[in-house]
Participant: 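Here it is: the structure, laid out below.
All of these numbers come straight from a predicted model, not from anything done at the bench. In what follows, chains carry the letters A, B, and so on, assigned in the order in which the sequence lines appear, proteins first and then strands, with residues in each chain numbered from 1.
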Amino acid sequence: MLKNIFDWLKQPLGLIAVGIFFLSVFSVALYGISTTQQAPAQPIEFPHKTHVGFGIQCLYCHPGASKGPAAGIPSQAKCWACHNQIEKTQTSELLAPLKNAVLSGESIQWVPVAIVPDFVQFNHRPHIAAGKNCEECHGDMSQVTIAENPQVFNMGWCLDCHLKNAGDDVEKKTKLTDCGTCHY
Amino acid sequence: MSEQVSRRDFLKLAGLGAATTAVLTGCGPASRYVTREPYQQMPEYNLVGHSTYYATTCRECAAACGIVVRTYQGRAIKVEGNANHPLNLGKTCARGQTSLQGLYNPDRVTDPIKRSVRGDVASETMNWDDALQVVTDALKNHKPSEIAFLLGTSADHLFDLVTDLANSTGVNAPVRFGALSMFEARATLSKAAENLFGQAGLPWFDIANAQAVFSFGANFLETWISPVSYTRGFSNLRKAEGLKPRGQFVQFESRMSATGARADEWVPLRPGTEALVALAIGKLVAEHHGMEVPKIFSGVDPAEVAEQADIELEALEHIAKMFAEAKSIAVPGGAALGQSNGLAVAEAVLALNVLADNIGKAGGVYLSPLAPTETEYQRPASIQEMKALIEKMNAGEIKVLFVHGGNPVFELPLALNIRGALGNVEQVISFATFPDETALESDYVFPDHHFLEGWGYQRVATGVNLPVLSGAQPVVSPLYNTRSTVDVLLTASQAAFGNALPFKDEVEFLHSKVIALMGEAGGSFSATDEESFMASFQQYGGWWKKSNGTTSASDSNVLDKTANAEVAEFAGEGEFFLVPFVSPTLGEAGANKPWLQELADSTTTVMWNTWVEMNPETAHHQGIHNDDLIKIISEAGEIEVPVYLYPAIRPDTIAIPFGQGHIAYGRYATTTDENGNVLQRGANPADLLSIHFNEAGDLAFAGMKVRIEKTGRTKPLSRLESRIGVYNEGMEGH
Amino acid sequence: MKIDLNLVGAKGAIAEAAEGKWGMTIDQDVCTGCQACVAACAMENNLSFVGEEDAGYGRTQHWIRIERFWEGEYPEIKATPNQPMLCQQCGHAPCEPVCPVFATPHSDAEQLNLQVYNRCVGTRYCANNCPYQVRSFNWRDYHIDPFHANMVDGKLVFALHNQFNPDVTVRRRGVMEKCTFCIQRIHKAQDTAKAEGRDVFDGEFTTACAQACPADAITFGRVDHHESLVSQLSHHERGVKHLEELNTLPRVTYLKGA
C-alpha cells in the first residue's frame, strides 16, 4: 500500500502534486507570518501621527515607560481632559467611541500592539534610562495612524542590541545576556 | 524511501510543516488578540506598572493580624504582613496567605438568592431591593424577642452594630460562635483567668521571655488563639544562644501535635490526668524549693499521679526540677481543657504560674488588655450557651434567625442537631459569602462582601501587651453583586424600626465608633481633624496604644484553694481515647481554599483528606494497615476514616483532625463522583462528639472513649512524604 | 566553611567562587513547620495546585516543602527539627549539565540556577539528577483545567486567575519548574535601587517565604557582602550545608543546634 503511493509519487505527475502540496503549505505559512505583522483592529482608529504632530511627547500619555515595567495605556479621563475642550470631539464620527465611553463610564478595550510572550519579563525603565528613544523599538509614530510594529520582537533582535550596547564591558555583557534577566 | 525525496529531505520538510502549523496556531493573530482595559479614571496615587498596597485586617481567624495587600491594576495579588502592626509585626500564617483564594474562589455566592426547599442546592436569584424588603419584613413582622443573630468570631464591627440594634430595639443580643473557640475552650480559659485576675478575659502567656515552657496540650504553634504572635514568642524562646537553643520546651499531651513535635520533651500522659500532673509538679517544685507545699498542691501524691498518668516518676521529678530551676511558664490549652475537668486543668496550670511567681512579670502570665473602645471581654459562646440557643429554637421561641460569619451546621457537634433546630425556625437568613452547609439550610442567602472587599475593624483579643483596634478597608472593589451586611441591616432596620441606627452607611457607622479614639492620648498616631484621623486609621491598619495595657494579678488566693484532684471522666464505651484537633493547615474554615488543601500537614504530610492517627503497634495487633478505612463509633455517632500509622501517639488513643468532611462549601471542600454528584470530602469528627460539658460550659470534646471496626476497604491518602520504606511499605522483595 | 577550590579539580573550572551572590539561612531550631512559607511561595509564584489524585502520585508543585523525620520509637520518639527544603541554588549544580536543551543554565549575573520555561522540553533529566529533589514537573495544564472555571455567558471564566502575579510566568504543561529565590523581587529591588542611583541595601527586600515566616527562621540576602545579616548567619558555627560532600556548593545554610 505504502509502496504503491511512493511509486505513484515518483512519476512526474506525482512530483508535481508533491510540489503543489508544499507550495501551498509555504504560502499558508507566509500568510500566517504576515498576519502577525499587521496592526490589529482597534476600537478607535487612533491617529498617533496627529498627536505626535501636535508636539505631544510619548511620555505624556505613556508615563509608565520612564518609571517602571509597563508604559501603560492612558485612561479615558486623560484623553477627555484635552478632547472635552476640542469642538470636533462632539461631531467627529471617529471620536464617537471615546465620547460614548466617557459618557457611559465603560472602558475602552484597546488591543496591545507591541507585546512580548508571557515568558518574557520586559521592563521599560532601564531601556529609557540607558538612553533609548521610543522610536528605536516602536518606530516613528509620526508616520502611522494605528500603532504598528516596525520589527518582530524576537530574542535575536533583543540580544543584538544588548550585545552592541554591552560592548567590551564584561559585567554589563554578563547581565545583558543572562537568561534570568528576561525569563523567570 | 524514494530517490527524489531522501529521508533527510523528508524530515526537513516535515519539520517545516510542523513549524508552519506552530506559526498558524501558536503565534498567529488569534492568540495575540488580547485586549487591555485601562482605568476609566486612574486613582492619582496609582502608577502604571506599579503595585498599590492597602493595609487591612485578616479575618481568616479571630486573631486580627494586620495585613498589607498588594494590588495591581485593581486586582489583589498577594497578602503580606503589616510590618507596623504590633500583633504580627509583618508576619502571616498560611491561612492569611491563601485568603486571596477565598476572594477569587469560583464558588462564591454572587447574588442574593432565595431557596424554596431548605437543603436543596436549587435556588433562584433575587435583586437587592427585594432582598432588603425580605430583611425589613423579617424585622418588622416579628416581635423583637423572636429575632436572633448568630455571628462568627470575626467581623467585630458587625457584632457591635447588632449589639447596638439589640440594645435599642430589644431583639436578642447576638450570639457568636466558631469551631476554633470550641476547640480552644475559650470560656474555660476566660473563667480561669477571672479566678486568677478577678476579671474575665484571655490570659496572655509571654513565652518569648521565659526560659522554660511547660505546655499542657496547648497547640499554640498551630491555630491556638493567636498563632502568629505565639510563633514569634516561640521563636524568641528558641533562638540560639551559642550553639544551643536558649529556652526549653516541654509538652504534655497524648498525641504529638505539630506544637508538641517541637518540644525538647514530649510527655505522652494518659488523657484526663493533666490536672493531676500539673498539681504533682507543683508539689515537687515546692518541695524542691524547700517551702511549705501550698494547699492546692498538697492533696496529690506524685508517685500515684505518675502511675495514673502512665509516666515514670523519675520523668515527673526531672520535669519538676527543670521547672523549679528555670524562669518557667505553664500554658494550658487544647484537648487538656476539652475534658470533663477542663477548668480544674486550667486552674492547676495557672496555679503553677503563681507558684513560679511569674504573674504579671516578663516571661509570665498577663491578662490580655481590652481593645480600645471595649469595656469588657466579649467571649464567643460556649457549647452550653449554644445548646441553650438551640433549645430556644426548638421551642419555637425564635422565628427569624440571621446567620453571618460562621458555619454552625458544619462546626457544631452533630449531636446538638442544629439542622433540626433550624427546621423549627420560620425564617433563616444567611449572609454567607460561600454556599456552606448553613447557607444550604437557609431560606435566603444575602451574600456579604469578602473581607478583602469590605470595611470594618477587629479587636485584638490577645497576643500582644498593647490595646489594639485593627482597621479594615476594601483592597479591591466588590467582584460580584454582593452587599455589606452592615449596610443591609442599616437600611432594613431603618425601614422597620425608624431611626434605631441613625447611620447613612457602613463607613459612617465605623466613623462613629472609631472617632472616639481621636481624643485619647498615647496612641500610635494622632490627628487634629476627623477626616485625617479616619484616613490614618485605614492607612496604618488600625490604632493602638503605645504603652502596656495588661492587667497584673489582684491579690490572688489561688494557691490556698483545694484542688479538684480527680481524673477526668470519659463518656462512652470503647478501648480508645478520642482526641479531635483542629487541622493545623485548614483551621476551621480553610477547606474551600485549594492551596490550603494542598499544604502538607506538618506532622503527617497528608493533603486533601481526613485521617485517623493510630499507634503502629496498636494497629499491628489489630491487623490494621496504613490507608485502611475504619469505622469509628462513639456514643453519639460514627464516621469512616482512613488510618495513618502515627508513631507519636499513645497506643490507647486515636486522633482525628477537624476541618474536612464538608458536603457543601464549594468544589474544593467537597469531591464529586464520576457523574458529577457532590460527595463529602473526608470526614467530620464533630459527628462523633457527644454533649458533655466541663465546669465552664465548654464542650468536653476530648472526653470520650470510642471503639473501632474494620470495614475491609481502603482509601489511599495523598501524602507529601514518600511511602517507600515507611513501615516496610513498598519494600517487598528488598 | 571554606572550600578549597584546588580540590574541586576539573569541576572548579566551571564552579564559580564558592561564596555566590544571593544566599539564604534557615534556622531549624525555630522552624515550627507551620507551612506559611509554602503558602506564601505558592501565592507569589503562581504555583498550581494539582488536586488530591495527582498529589497522591507525588506531582505536587511545592517549590519549598517542610521535611520532618522521626527518631526513635514510642514513647521515646522525637520529631527531628523541621527541615524546609528548597532549591539550594547550587554554585555547581548537578541539574545544569544534564539538560539537553540548556533550559537550566546558570545565571552568571545573579549566580542562581535558572529554569527557562520557554526552552524546556520536559525531559525531566534535571529533576532526576537533583540530589535535593526540589524540582517539580507540570504534568498537566493545571491552571486551565475547566474544573476550576465557571461558565459565564457561554465562556469559561477562571476567577482564580485574577490573583496571578504579573511578574512571574504562568507555566504550561510539560515544563519543569523550581524555586527561583524570588528572582522577580531581586530584579525589582535592583531596578528600584538603580533608578534611585544607589545599591540595594541589606533587608530592602526578601523572598516571599522569608517575608511570611512567623518564626523569622528564614533570612535572605547577599552572602558575598560580609556585613549582611545572611552572611553573618551563614558563617555561624551552627551552620550546615546539605549534601555538601557532593560538591554542589549549596547557597542555603541550615542552622541547627549542635
Side-chain angles (χ1 to χ4, degrees), chain B residues 72 75-81 88 90-94 97-98 100-101 104-106 221-222 227-228 231-232 234-235 238-240 243-245 256 258-259 261-262 266 268 479 584-585 594-600 602-603 607-609 615 617 647-649 651 667 671 716-718 720 722, chain C residues 27 29-36 38-40 42-44 47 49-58 60-62 65-68 70 73-75 77-79 81-82 147-150 157-166 208 211-217 236-238 255 257-258:
Chain B
Y72 186 83
R75 296 179 292 124
I77 303 287
K78 177 81 175 28
V79 168
E80 294 170 0
N88 57 320
K91 300 302 184 177
T92 51
C93 71
Q97 282 292 336
T98 49
L100 292 174
Q101 293 204 320
Y104 293 125
N105 197 295
L221 299 179
E222 298 157 50
V228 174
T231 304
R232 185 175 69 245
F234 174 80
S235 171
R238 300 292 272 186
K239 275 264 151 74
L243 287 175
K244 288 279 186 193
M256 190 187 276
T259 310
R262 302 279 56 83
W266 175 67
L479 220 66
T585 47
W595 253 109
L596 281 184
Q597 289 274 15
E598 199 149 307
L599 295 181
S602 49
T603 50
M607 299 169 273
W608 290 97
N609 218 312
N615 188 294
E617 202 63 28
I649 186 168
R667 69 194 73 179
T671 65
L717 290 168
S718 295
L720 192 68
S722 169
Chain C
D27 192 337
D29 288 337
V30 301
C31 173
T32 68
C34 71
Q35 309 281 337
V38 186
M43 296 298 110
E44 170 77 15
L47 298 195
F49 49 91
V50 302
E52 182 172 16
E53 198 185 343
D54 273 11
Y57 286 119
T60 51
Q61 308 262 18
H62 295 83
R65 64 171 185 269
I66 310 221
E67 297 181 341
R68 66 99 186 82
W70 297 113
E73 277 190 31
Y74 182 87
I77 188 150
K78 183 139 181 52
N82 288 318
F147 176 71
H148 308 305
N150 288 331
V157 174
F158 293 85
L160 283 168
H161 288 190
N162 281 306
Q163 194 231 327
F164 280 154
N165 184 351
Q211 189 184 26
C213 179
D216 231 346
H236 195 274
E237 270 179 282
R238 295 187 300 144
L255 304 172

Participant: Any non-hydrogen side-chain atom of Q97(B) less than 4.5 Å from a side-chain atom of V38(C)?
Facilitator: no
Participant: Examine whether an atom of P106(B) lies under 4.5 Å from a heavy atom of chain C, and if so say whether it belongs to the side chain, the backbone or both; otherwise answer neither.
Facilitator: both
Participant: Which bit of V157(C) comes within less than 4.5 Å of chain B, counting heavy atoms only: side chain, backbone, both or neither?
Facilitator: neither
Participant: Non-hydrogen atoms of chain C under 4.5 Å away: do they reach the side chain of A76(B), the backbone, both or neither?
Facilitator: backbone
Participant: With R238(B), which residues qualify under side chain to side chain contact (heavy atoms under 4.5 Å, CB included), at least two apart?
Facilitator: F234(B), P245(B), F249(B), D264(B), V30(C)
Participant: Give, as side chain, backbone, both or neither, the part of E222(B) having an atom under 4.5 angstrom from any heavy atom of chain C.
Facilitator: neither
Participant: In terms of relative ring orientation, are W608(B) and F49(C) parallel, tilted or perpendicular, with 30° and 60° separating the classes?
Facilitator: tilted
Participant: Would you say the side chain of I77(B) lies within less than 4.5 Å of the side chain of P166(C), judging by non-hydrogen atoms?
Facilitator: yes
Participant: Any sub-3.5 Å donor-acceptor pair from R262(B)'s side-chain atoms to T32(C)'s backbone N or O?
Facilitator: no
Participant: Name the region of A217(C), side chain, backbone, both or neither, that has any atom closer than 4.5 Å to a heavy atom of chain B.
Facilitator: neither
Participant: Contact part of L596(B) toward chain C, heavy-atom cut-off under 4.5 Å: side chain, backbone, both or neither?
Facilitator: neither
Participant: Based on non-hydrogen pairs under 4.5 Å, which of A261(B), G90(B), P594(B) is most in contact with chain C?
Facilitator: P594(B)
Participant: Are the side chains of T98(B) and Q35(C) in touch, meaning some heavy atoms are under 4.5 Å apart?
Facilitator: no
Participant: Contact part of N615(B) toward chain C, heavy-atom cut-off under 4.5 Å: side chain, backbone, both or neither?
Facilitator: side chain
Participant: Using heavy-atom distances under 4.5 Å, tell me whether K78(B) contacts chain C through its side chain, its backbone, both, or neither.
Facilitator: side chain
Participant: Would you mind reporting whether L160(C) and Q101(B) have side-chain heavy atoms less than 4.5 Å apart?
Facilitator: yes
Participant: Considering residues at least two apart in sequence or located in another chain, which fulfil the side chain to side chain contact (heavy atoms under 4.5 Å, CB included) criterion with P214(C)?
Facilitator: K91(B), V228(B), T231(B), C34(C), A36(C)
Participant: Between D54(C) and chain B, which part of the residue has a heavy atom less than 4.5 Å away: side chain, backbone, both or neither?
Facilitator: neither
Participant: Counting only non-hydrogen atoms closer than 4.5 Å, does N162(C) touch chain B with its backbone (N, CA, C, O), its side chain (CB onward), both, or neither?
Facilitator: both
Participant: Between V79(B) and M43(C), is a side-chain contact (heavy atoms from CB on, under 4.5 Å) present by the stated rule, with each step listed?
Facilitator: CA-CA 8 Å; V79(B) 168; M43(C) 296 298 110; over 6 Å; no
Participant: Let me know if F147(C) has heavy atoms under 4.5 Å from chain B in its side chain, its backbone, both or neither.
Facilitator: both
Participant: How many angstroms lie between CZ in F164(C) and OH in Y72(B), if you round to the nearest 0.5 Å?
Facilitator: 15.5 Å
Participant: So for L599(B), is it side chain, backbone, both, or neither that comes closer than 4.5 Å to the heavy atoms of chain C?
Facilitator: both
